[in-house]
Amino acid sequence: MAQSDLFGEAAPPSPGAEVPTPAQQAATLRSQLHEHAHRYYVLDEPSIPDAEYDRLFLALQTLEETYPELRTPDSPTQRVLGKVLDGFTPVRHVVPMLSIRTETDTEATGAQAFDARVRRELELTEDAPAIEYAAELKFDGLAINLRYEQGVLVQAATRGDGETGEDVTQNIRTIGQIPLRLKGGDLPAVLEVRGEVYMRRDDFEALNERQREHGDKTFVNPRNAAAGAVRQLDPTIAARRPLSFFAYGLGETQGWAMPTTHSGVLDALAAFGLPVSAERTVARGADGLVAFHRAIGARRDSLPFDIDGVVYKVNSLALQARLGFVTREPRWAVAHKYPAQEQLTQVEGIDIQVGRTGKLTPVARLKPVFVGGVTVTNATLHNLFELRRKRVRVGDTVIVRRAGDVIPEVVGVVAGERPAYVPNFRMPGHCPVCGSDVVRERGEVDHRCSGGLFCAAQRKQALLHFAQRRAMDIEGLGDKLVDQLVDGGLVRTLPELYKLGLMKLAALDRMAEKSAQNLVDALEKSKHTTLPRFLFGLGIRHVGEATAKDLARHFGGIDRIMDASVEQLLAVRDVGPVVAHSIRTFFDQAHNREVVEQLRACGVTWPEHEPAADPASLPFTGLTFVLTGTLPTLSRDEAKALIEAAGGKVAGSVSKKTSYVVAGTEAGSKLEKAQSLNVPILDEGGLQALLEQASATQS
Ligand code: IVH
């Protein structure tokens with residue numbers, strides 16, 4: 001009796017044989033694939049990159065094609081993976097949800113092989129005209145079936161095993177992009193829309209950043225994050241995960257005059273209000289497909305979401321019907337992949353990088369690996385907790401991911417490949433750059449160097465931060481020059497910048513006298529600045545441009561800010577305890593106050609004013625405004641600034657708590673909502689009048 005469990009059967013022993021028989025190879029592959037699939041889908045802990053899984057899968061598929069008798073009913077090739085979780089109601093798909101065959105070949109051969117197959121199946125002669133294809137993106141997310149009855153979304157289900165999926169309607173309803181009701185007049189009695197739920201890269205990064213801040217588990221990649229969210233039993237959690245959707249096909253339909261082409265179907269879906277990617281085309285013949293594959297390949301990194309390839313579909317639905325299916329794959333469609341954005345490599349060491357704010361980041365030094373189009377030699381491990389959570393140690397084989405412009409990162413260790421004993425990584429007690437103590441604030445995950453402006457690592461970054469356009473705007477003071485100045489020992493602190501003379505600068509390597517003069521001029525010019533720019537330029541943790549502006553408006557002068565207690569700081573709008581403490585700690589350091597004094601002594605100046613009035617006494621304090629439509633003279637930002645300067649708040653949506661709605665032309669649903677809630681409505685003139693009236697009664 002063959003023993004079978006969750007991980008599939010074990011490979012039979014190979015008595016004396018050096019090379020495993022095809023049967024043994026197939027058994028080994030099956031058991032490996034079962035194991036990896038279990039880790040991936042059930043435990044949510046992938047152990048190998050997708051490309052590696054695909055390779056194993058392909059090897060098994062090839063083996064089974066050569067030796068059909070080796071095909072077992074439980075072979076991973078015989079089913080579409082996925083498991084109905086406890087807690088979701090099963091949904092039977094009237095039209096099964098299939099998968100597509102994958103070509104990984106080079107752009108030309110992959111497309112040509114598909115086109116040749118289609119032509120052969122259709123028994124076309126060589127001189128028959130080129131076939132028309134719909135070419136689109138292969139989104140990297142989770143397949144979903146949306147069922148609309150009389151235009152209303154009644155059910156959403158995952159693919160599951162292709163025959164039966166899970167009812168995830170509640171979670172899918174939280175995706176704002178998915179219409180709950182279709183647009184248009186002539187709606188089908190039944191329309192099942194198939195598409196991909198995915199997560200944009202920026203949303204994914206932000207989500208992981210949030211997870212990291214809360215010390216919660218981060219997600220391996222956008223697809224995992226999306227799939228995890230859709231299969232959350234608690235819809236309120238799904239609602240907090242930023243998901244997106246693209247439609248790419250159909251399931252069951254009833255009572256619909258269906259278009260005759262796939263591209264026509266997608267146009268119709270878009271007209272119904274469903275999100276359909278604009279990155280698609282109708283291509284002719286293999287050449288058209290190759291061109292599409294190439295064009296998208298060149299732009300892959302700049303797309304806002306991950307794709308793992310493109311999909312080619314025979315455009316005519318009549319031809320699709322003629323081509324039909326082989327087992328679980330249509331003959332009329334193929335996925336053509338791009339090189340993987342995840343690869344395996346080895347960790348050769350773990351280094352520490354010190355950032356501008358002194359944050360210590362552990363970075364894995366890697367055996368060079370080509371991934372996502374570049375050779376990667378370093379990948380971030382974020383912080384000690386991430387590193388521990390992922391259990392990364394020197395010598396480990398790890399999955400490295402690089403997608404888009406995102407910094408390469410180690411997403412996980414390949415289980416069971418650790419060589420002998422390796423001690424656990426520890427954070428150094430002293431900064432590797434300046435030797436100062438390393439500290440970690442309570443409740444924070446990051447370790448930091450306490451060397452502040454003394455630490456060479458922070459010194460360079462501090463200078464760059466100070467000089468940037470949004471701060472002191474010292475033109476010409478960029479990376480290279482800062483390196484030269486700091487490495488040459490010419491500048492150690494911010495004030496020393498202003499003591500650089502023409503002589504010293506012109507003596508620098510590769511510095512022409514003209515450029516030296518330009519820099520001297522730029523430094524001179526930068527001395528006349530504003531308080532918000534200066535404050536922002538100091539590089540106080542948690543003090544960005546907006547906070548710097550708030551602080552400047554509130555206190556009016558630097559001395560009042562330097563002397564403000566935490567309580568006084570907390571009175572500033574949008575300043576919470578973390579920011580308040582950070583500011584207080586910064587100015588508690590004698591050397592930081594010295595820097596400010598010295599900068600002033602060097603002639604850095606800005607206008608100051610009296611402290612702002614107590615916010616409680618401003619005319620619009622306690623009032624909430626909602627802006628909608630286009631105002632005749634004020635831009636939205638200007639109107640917002642006016643209201644906020646008067647102490648009011650501007651909100652994004654209308655509720656019972658809204659004090660006034662300010663409406664311009666083309667005001668939409670917000671105006672209607674205001675009317676229905678009896679919220680007073682003002683035009684621009686009305687807003688101005690209210691402002692004047694309010695300030696008049698004030699004074
Ligand atoms: S068509 C009968 N089109 O790829 C054809 N699938 O193996 C059914 N996918 O998980 C699929 N982008 O969710 C199709 N533009 C696209 C797609 C796409 C991504 C996914 C699909 C499924 C897998 C197919």
Side-chain angles (χ1 to χ4, degrees), residues 41 79-85 87-100 134 136-183 187-199 223 226-233 235 238 241 243-256 258-259 262 265-277 280 311 313 317 320-321 325 327-330 332-333 335:
Y41 288 102
R79 65 179 180 125
V80 194
L81 279 169
K83 213 169 140 48
V84 176
L85 294 177
F88 285 115
T89 316
V91 172
R92 207 165 162 79
H93 300 300
V94 178
V95 178
M97 291 182 78
L98 305 173
S99 54
I100 355 179
E136 54 199 49
L137 305 181
K138 185 164 192 301
F139 311 107
D140 205 4
L142 184 77
I144 289 289
N145 184 66
L146 305 175
R147 187 177 172 91
Y148 289 90
E149 291 177 4
Q150 315 297 350
V152 176
L153 177 67
V154 294
Q155 188 178 60
T158 62
R159 178 165 68 159
D161 65 2
E163 305 286 337
T164 308
E166 303 146 348
D167 186 329
V168 288
T169 315
Q170 291 303 80
N171 292 345
I172 293 300
R173 278 184 201 284
T174 68
I175 304 176
Q177 283 189 342
I178 294 184
L180 299 180
R181 178 181 284 278
L182 298 178
K183 288 203 303 198
L187 294 169
V190 173
L191 178 74
E192 286 190 355
V193 178
R194 296 205 167 148
E196 200 89 346
V197 170
Y198 68 95
M199 197 177 282
R223 191 205 29 236
V230 170
R231 302 165 91 209
Q232 267 295 333
L233 283 169
R241 305 265 171 86
L243 297 173
S244 305
F245 178 80
F246 276 132
Y248 58 62
L250 296 174
E252 191 197 0
T253 61
Q254 283 176 32
W256 186 36
M258 206 193 288
H262 179 74
V265 167
L266 294 189
D267 293 340
L269 294 183
F272 284 142
L274 286 149
V276 174
S277 169
R280 60 187 171 107
V311 178
K313 297 172 181 171
L317 299 189
Q320 286 190 5
F325 302 87
T327 51
R328 303 190 144 268
E329 296 164 352
W332 45 262

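For the single chain, residues carry numbers from 1 onward in sequence order.
Summarising the geometry, atom CG belonging to Leu269 is positioned 12.0 Å from atom OH belonging to Tyr248; distances are rounded to the nearest 0.5 Å.
Closest approach of Pro96 to Glu163, counting heavy atoms only: CB-OE2, 4.3 Å. Of all non-hydrogen atoms in Pro330 and Ile100, the two that sit nearest each other are CG-CG2, 4.3 Å. In this structure, Arg241 and Gly228 approach most closely via the heavy-atom pair NH1-C, 4.2 Å. Residues Pro235 and Gln170 come closest through the heavy atom pair CG-CB, 3.9 Å. What you find for Ala229 and Ala238 is that their closest heavy atoms are O-CB, 3.4 Å. Nearest heavy-atom pair, Val276 versus Ala270, reported as atom, atom and distance to 0.1 Å: CG2-N, 3.8 Å.
Applying the side-chain contact (heavy atoms from CB on, under 4.5 Å) test between Leu180 and each of Leu153, Val154, Ile172 identifies Leu153 as the sole match. Shown are Thr158, Asn171, Val91; of these, the side-chain contact (heavy atoms from CB on, under 4.5 Å) with Glu166 is made only by Thr158.
Contacts of Asn145 classified as side chain to side chain donor-acceptor pair (under 3.5 Å), with partners at least two apart in sequence or in another chain: Glu192, Arg194. Evaluation of the side-chain contact (heavy atoms from CB on, under 4.5 Å) rule for Thr253 yields Leu191, Leu250, Trp256, Met258 as partners, not counting sequence neighbours. The ring-ring contact (aromatic ring centres under 6.0 Å, His included) search around Tyr198 returns Phe246, Phe305, not counting sequence neighbours. Val94 meets the side-chain contact (heavy atoms from CB on, under 4.5 Å) test with Glu252; sequence neighbours excluded. Under the rule for a salt bridge (charged side-chain N to carboxylate O under 4.0 Å, His left out), the partners of Glu136 that lie at least two apart in sequence or sit in another chain are Lys313. The side chain to side chain donor-acceptor pair (under 3.5 Å) test applied to Gln177 returns no partner, not counting sequence neighbours. In this view, Asp267 and Arg280 satisfy the side-chain contact (heavy atoms from CB on, under 4.5 Å) rule, not counting sequence neighbours. When the side-chain contact (heavy atoms from CB on, under 4.5 Å) test is applied to Ala227, the partners found at least two apart in sequence or on another chain are Leu142.
In this structure the side chain of Phe88 reaches within 4.5 angstrom of the side chain of Leu233, judged on heavy atoms. Side-chain contact between Ile144 and Ile178 is absent, with no heavy atoms from C-beta onward closer than 4.5 Å. Side-chain contact between Pro188 and Gln254 is absent, with no heavy-atom pair separated by less than 4.5 Å. For the pair Arg92 and Thr164, the minimum side-chain heavy-atom distance is below 4.5 Å. Leu187 places a side-chain heavy atom less than 4.5 Å from the side chain of Phe272. Contact annotation: the side chain of Met199 approaches that of Leu243 to within less than 4.5 Å [non-hydrogen atoms, C-beta and beyond]. The closest side-chain heavy-atom distance from Leu98 to Phe325 is below 4.5 Å. Contact of the Ser244 side chain with the Ile175 side chain is not registered, since no non-hydrogen atoms from C-beta on lie closer than 4.5 Å.
Ionic pairing of Arg159 and Glu196 is not present here: no N-O contact between side-chain nitrogen and carboxylate oxygen is shorter than 4.0 angstrom.
Sequence neighbours left out, not one pair with a member in residues 171-182 passes salt bridge (charged side-chain N to carboxylate O under 4.0 Å, His left out).
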